[in-house]
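Taking it in order: structure first as structure tokens, then the write-up.
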Amino acid sequence: MGTPEQSTTVGAAASWAGRVGGLAGSCHPGPVVAVTALIAALAASAGQGAARCVLTAAAVLTGQLSVGWCNDAFDARRDIAAGRRGKPVVDGAVGVTEVWVAAYAALALCVPLSLACGLWAGVVHLAGVAAAWAYDLRIKATAWSWAPYAVGFAALPAFVALGLPGQPWPAWWVVTAGALLGVGAHLGDVLPDIRGDLATGVRGFPHRLGQDGARLLLPVPLVSASAVLALGPAGPPGRWGVAALAVAGLVAVAGTVLGRRWERAAFAAAVAVAVVDVALLLLRGTGIA
């Protein structure tokens, strides 16, 4: 057996590791990693240099971390009351105060990192982050819950474009496609949890549509984004653009039809269409400004 001092040290290390793990789980790591990786790839395909790509990714990462932690910290009381196991705050892996401190620390880092990419680029990115915080703190329970997603997703490709040499304004179609992807992401994110959210008093835009209404609407903004990405840039869409648009439409229709019997089919189809949209966005990266 170890000495009391050794036991205390091991216990403190385990407690510290548990809190770090709890913070990692509270930031919504899946979306954080996915969004950061996508924007880093878009920055590279758009022509940003290696150093600027790293700076852009760091700004996006801190912004996404702040939003994820804000979401879990603000919802902690509701999640605990509803007994939503699997969330670090509910499971006691990390305290609410620690999550708030992490959220504000990430936000404090996001501000200089964003502005270091250029004044207008930084302002646009911080506006998107502010919209996401507004969603977490208030708008998610209103009929306007889709708006922060639209603003936040539209801001990301605009942030990349404004970070290019000369700070060019983003093309209309990339901002429009980003906004549509944001609305689709909101519907897809909420759809699996509509019943649980309604039980805890959340009545955002998808909740007001109901389970069936949200399922039927889900593919519309995503396929619309596909059309904008394929047809918006100057010149013909090319065979890849036409093929991607056709695939997106077919998958969306299949998901909507099958979703009547298998609820997860609609969500899976939406994810597949979103993947097609992301691929189109990366292929069009050089023309986003």
Side-chain angles (χ1 to χ4, degrees), residues 27-36 38-39 60 63-72 74-75 78-79 125 127-159 174-229 248 251-252 255-256 259 263-278 281:
C27 74
H28 298 224
V32 167
V33 172
V35 171
T36 303
L38 168 61
I39 297 306
V60 171
Q64 293 298 306
L65 286 172
S66 77
V67 171
W69 279 322
C70 172
N71 182 278
D72 259 29
F74 187 76
D75 287 348
R78 184 187 298 118
D79 291 337
H125 183 238
V129 173
W133 272 69
Y135 172 85
D136 287 346
L137 298 176
R138 170 61 182 162
I139 301 177
K140 71 184 297 181
T142 73
W144 291 91
S145 61
W146 57 272
Y149 269 82
V151 172
F153 274 68
L156 289 170
F159 175 49
V174 73
V175 176
T176 302
L180 289 167
L181 279 171
V183 176
H186 177 43
L187 291 167
D189 186 44
V190 171
L191 184 60
D193 299 319
I194 282 183
R195 294 187 182 92
D197 288 341
L198 287 172
T200 57
V202 176
R203 285 185 53 79
F205 175 65
H207 308 89
R208 295 164 193 249
L209 294 174
Q211 191 87 18
D212 291 338
R215 174 179 56 79
L216 291 173
L217 182 61
L218 175 58
V220 175
L222 296 175
V223 175
S224 298
S226 302
V228 170
L229 288 167
V251 170
T256 301
E263 191 174 286
R264 289 288 176 180
F267 181 73
V271 171
V273 176
V275 169
V276 172
D277 290 344
V278 167
L281 181 61

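Just so you know, residue 1 is the first one in the sequence shown, and it goes up from there.
A heavy-atom distance below 4.5 Å is not found between the side chains of Q64 and V33. You'll find the side chain of P221 stays beyond 4.5 Å of the side chain of L181, heavy atoms only. At a threshold of 4.5 Å between non-hydrogen side-chain atoms, the residues D75 and N71 count as touching.
The closest donor-acceptor contact from the side chain of T142 to the backbone of R138 lies at 3.5 Å or more, if one exists at all. Side-chain atoms of R208 come within 3.5 Å of backbone atoms of R203 as a donor-acceptor pair (strictly under, hydrogens ignored).
Between G210 and I194, the shortest heavy-atom distance links the atoms O-CD1, 4.2 Å. The two atoms that bring G184 and L218 nearest to each other are O-CD1, 3.5 Å, heavy atoms only. Looking at every heavy atom in both residues, A158 comes nearest to V175 through CB-CG2, 4.4 Å. The shortest heavy-atom contact between D136 and V67 is OD2-O, 2.8 Å. Minimum interatomic distance between S226 and V273 (heavy atoms only, all atoms of both residues): OG-CG1, 4.0 Å. Residue D72 comes nearest to H28 through the heavy atom pair OD1-NE2, 2.8 Å, listed as atom of the first residue, atom of the second, then distance.
When each of L180, L229, V228 is paired with D277, the side-chain contact (heavy atoms from CB on, under 4.5 Å) condition holds for L229 and for no other.
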- Please step through side chain to side chain contact (heavy atoms under 4.5 Å, CB included) for the pair V190 and K140, ending with a clear verdict. CA-CA 10 Å; V190 171; K140 71 184 297 181; over 6 Å; no

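With values rounded to the nearest 0.5 angstrom, C70 atom SG is found 4.5 Å from W133 atom CH2. Between the CG atom in L216 and the CG atom in L209 there is a gap of 9.5 Å [rounded to 0.5 Å].
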Table please: side-chain donor-acceptor pairs of residues 143-156 below 3.5 Å, with sequence neighbours left out.
from	atom 1	to	atom 2	distance (Å)
S145	OG	H186	NE2	2.8
S145	OG	F205	N	2.8
Y149	OH	D189	OD2	3.3

